[in-house]
Amino acid sequence: MNAATLARTRGSLVGRPRGAGHVLETLAAWALALLWLLPLVYAFWTAFHPTEYSTHFSLSAPWTFDNIVHAWHAAPFARYFVNTVILVTMVLAAQLVLVTLAAYAFARYTFPGRDVAFALVLVQLMIMPDVLIVENYRTISALGLKDTILAIGLPYMASAFGIFLLRQTFKTVPRELDEAARVEGCTPLQTLWKVYVPLARPTYLAYALVSVSYHWNNFLWPLIVTNSVETRPVTVGLQVFSATDQGIDWAIITAATLLSVAPLLLAFLLFQRQFVQSFMRAGIR
Amino acid sequence: MTRSREWLHAWLLLLPACVLLVLFTHFPAVANLWHSFYSTPKGARPARFIGLDNYRALVDDPIFWQALQNNALYALGTIPLSIALALLMAVWVNGRIRGKGFLRLAFFTPTVLPMIAVANIWLFFYTPEYGLIEQVTKGLGFASHNWLGSKSTALACLMVVAVWKEAGFFMIFYVAALQAMSPQLAEAAAIEGASRWYFFRRVTFPLLMPTTLFVLVNAIINAFRLVDHVVVMTRGGPDNATSLLLYYIYEIGFRFWDPAYAAALTMVLLVVLGAVAIAQFVFLERRTHYQ
């Protein structure tokens with residue numbers, strides 16, 4: 001028996017429920033899980049069956065792709081997807097660069113004002129751009145960026161969360177590696193690129209997944225700054241689609257909803273472990 | 001490297017991030033305070049200094065108080081419930097129940113979906129006559145009820161959606177903390193003959209306290225930051241019964257185009273978030289003392 005299995009067996013001594021209690025608990029857990037999945041299962045049912053079965057369940061109900069096809073053609077979803085992909089890529093690319101540079105400065109330099117500067121960065125963890133919508137709209141208008149994809153992403157590009165997360169990781173890099181690189185003649189930026197960035201790869205992955213899902217899902221700020229098909233991300237597009245035309249039936253709206261979450265949901269189902277671990281890693285400070 | 005060169009390098013590395021942070025976090029927070037003392041420009045009349053008038057209007061505004069009260073109720077209703085559920089889910093997912101992978105997937109999936117999309121799905125649930133909930137209650141012989149359309153149930157409906165969406169997110173932090181716990185503790189408790197519930201109450205739960213604090217802070221911020229489902233499901237109605245603070249700010253700022261009054265409202269939101277930040281700081285300080 002190796003150490004890991006030994007630890008696991010020991011750990012189960014108290015944690016293990018017995019007999020009828022265990023069966024009851026398993027049933028409760030499964031019931032809750034099914035309840036949790038119910039909204040999604042229901043959405044799938046509605047989206048892939050003809051309208052007359054939207055609220056009427058029957059095993060013999062025919063399956064159909066009509067709702068999905070109809071929804072896809074009823075609004076410029078292809079364009080919305082392109083906008084979202086541009087937005088998410090742009091924000092992530094900018095974040096990775098800015099966050100890496102700032103985190104390196106905070107982790108490995110001593111300079112006057114460092115602690116104050118770091119405290120000021122952390123302010124953004126509490127007061128996110130999400131709540132400063134009125135003033136940020138004023139700023140975006142003054143910059144002449146209203147109704148552009150850049151305007152959606154700009155307030156989020158310097159991410160306090162990313163700086164914090166990466167600074168923690170950079171601090172765990174042994175100083176000897178840093179010094180060895182310097183002796184080899186590396187400039188600070190080369191050291192950052194060749195020593196720190198490769199060692200922080202898991203943190204980058206975690207941060208990237210969290211950032212992409214955040215900006216794919218973001219809604220209120222894009223709703224405020226965008227005003228045209230060319231700039232709207234898919235969340236705003238979906239809202240415009242389902243709110244404007246009251247005549248559209250639920251099968252179509254549900255189909256459009258599933259359509260808009262499909263890429264992220266598929267990615268999540270395929271890389272479930274990475275997603276969960278990334279969110280975990282990002283949450284542990 | 002000389003010291004001044006090192007300082008220069010550090011600040012150059014910080015510069016790009018600092019510019020954007022100042023431009024979209026610190027400057028707007030200060031500018032917001034400034035603008036809350038001015039009137040909204042109307043037509044040819046520019047904004048003028050009106051002192052505390054916006055705040056006086058705010059004190060006299062019943063909708064503001066309603067939104068604040070709604071938000072407090074919303075926070076009190078969703079946070080304890082989603083944290084308790086998250087803890088329960090984590091204990092299950094971390095225990096020895098059959099199909100743990102499936103359970104984790106089921107609990108976590110709502111987290112990766114956009115609030116706007118899940119709000120659309122839940123909107124359908126709550127629809128009068130056709131919605132799933134109506135079908136169930138009708139089947140059981142209850143009278144028809146417009147869940148989102150009546151003042152007494154609309155806010156509770158939004159709270160259900162929020163709990164459903166957030167519990168799985170908080171669960172993973174508890175799972176991570178449970179996995180990091182030393183198995184010797186369980187061993188010692190087993191030798192002492194401690195019951196499962198006793199072990200949880202006296203050992204597991206106190207050890208999870210830092211995680212609970214972390215989750216609590218996140219939950220409070222989210223309760224004041226996320227209003228997407230209000231936009232989709234109720235637009236603050238009926239009769240402002242579901243207006244949350246940020247939604248009211250959005251309405252005043254971008255539907256009634258009164259940015260000056262919206263700035264005063266935003267100050268209230270900033271004070272709430274600032275209070276959370278200070279409380280967290282105090283608690284975290286205390287935590288580090290006995291570690």
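Side-chain atoms are counted along with the backbone in the values below, which use heavy atoms only and exclude waters and symmetry mates. Protein chains get the first letters and strands the later ones, always in sequence-line order, with residue 1 at the start of each.
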Part of [X] within contact of chain A (heavy atom distance under 4.5 Å):
X	answer
Val91(B)	neither
Leu12(B)	neither
Ala167(B)	side chain
Met89(B)	side chain
Leu269(B)	side chain
Val227(B)	side chain
Ile221(B)	side chain
Arg235(B)	side chain
Tyr250(B)	both
Thr127(B)	side chain
Thr25(B)	both
Phe27(B)	side chain

Do you know which of [options] has the most heavy-atom pairs under 4.5 Å to chain B?
options	result
Val123(A), Leu238(A), Val121(A), Leu154(A)	Leu154(A)
Val261(A), Ile140(A), Leu132(A), Leu223(A)	Leu132(A)
Tyr104(A), Trp30(A), Trp216(A)	Trp30(A)
Leu40(A), Leu192(A), Val99(A), Thr254(A)	Leu40(A)
Ala103(A), Ala28(A), Ala267(A)	Ala28(A)
Arg273(A), Gln95(A), Met157(A), Met128(A)	Met128(A)

(Q) Taking the six-membered ring of Tyr196(A) as reference, does the cationic atom of Arg108(A) (NZ for Lys, CZ for Arg) lie under 6.0 Å from its centre and within 45° of its axis? (A) no

Minimum side-chain heavy-atom gap [X]-[Y] below 4.5 Å:
X	Y	value
Tyr42(A)	Ile121(B)	no
Pro39(A)	Phe125(B)	yes
Ser82(B)	Leu85(B)	no

Could you tell me how the ring of [X] sits relative to the ring of [Y]: parallel (under 30°), tilted (30 to 60°) or perpendicular (over 60°)?
X	Y	result
His9(B)	Tyr109(A)	perpendicular
Phe164(A)	Phe118(A)	parallel
Trp122(B)	Tyr126(B)	tilted
Tyr261(B)	Tyr248(B)	perpendicular

Q) To the nearest 0.5 Å, what is the distance between NE2 (His215(A)) and CD1 (Ile152(A))? A) 11.0 Å

(Q) With rounding to the nearest 0.5 angstrom, report the NZ to CG distance, Lys165(B) to Asp228(B). (A) 9.0 Å

What part of [X] gets closer than 4.5 Å to chain B, counting heavy atoms only: side chain, backbone, both or neither?
X	value
Thr100(A)	neither
Gln124(A)	both
Ala117(A)	side chain
Val97(A)	neither
Leu122(A)	neither
Arg114(A)	neither
Ile224(A)	side chain
Leu120(A)	both
Tyr156(A)	neither
Leu209(A)	neither
Ile133(A)	both
Phe219(A)	both
Thr26(A)	both

Q. Are Phe170(A) and Phe106(A) close enough that their ring centres sit under 6.0 Å apart?
A. no

Q. For the side chain of Trp92(B) and the backbone of Ile97(B), is there at least one donor-acceptor N/O pair under 3.5 Å apart?
A. no

Q.
Test your reading of the model: is there a side-chain donor-acceptor pair from Asn94(B) to the backbone of Ala90(B), 3.5 Å cut-off?
A. no

Q) Looking at residues at least two apart in the chain, or sitting in another chain, which of them share a side-chain hydrogen bond (donor to acceptor under 3.5 Å, both in side chains) with Trp221(A)? A) none

Q) If you count heavy-atom pairs under 4.5 Å with chain A, which of Leu270(B), Val276(B), Leu246(B), Leu105(B) comes out on top? A) Leu105(B)

Q: Report the C-alpha distance between Phe169(B) and Phe108(B) in whole Å, list the side-chain angles of each, state the deciding distance to 0.1 Å, and finish with yes or no for ring pair (Phe, Tyr, Trp, His ring centres under 6.0 Å).
A: CA-CA 6 Å; Phe169(B) 180 52; Phe108(B) 188 69; 7.3 Å; no

Q.
Quick test of your reading of the model: are Glu135(A) and Arg138(A) salt-bridged, counting only N-O distances below 4.0 Å?
A. yes

Q | Non-neighbouring partners of Arg225(B) that pass salt bridge (charged side-chain N to carboxylate O under 4.0 Å, His left out), sequence neighbours left out | A | Asp130(A)

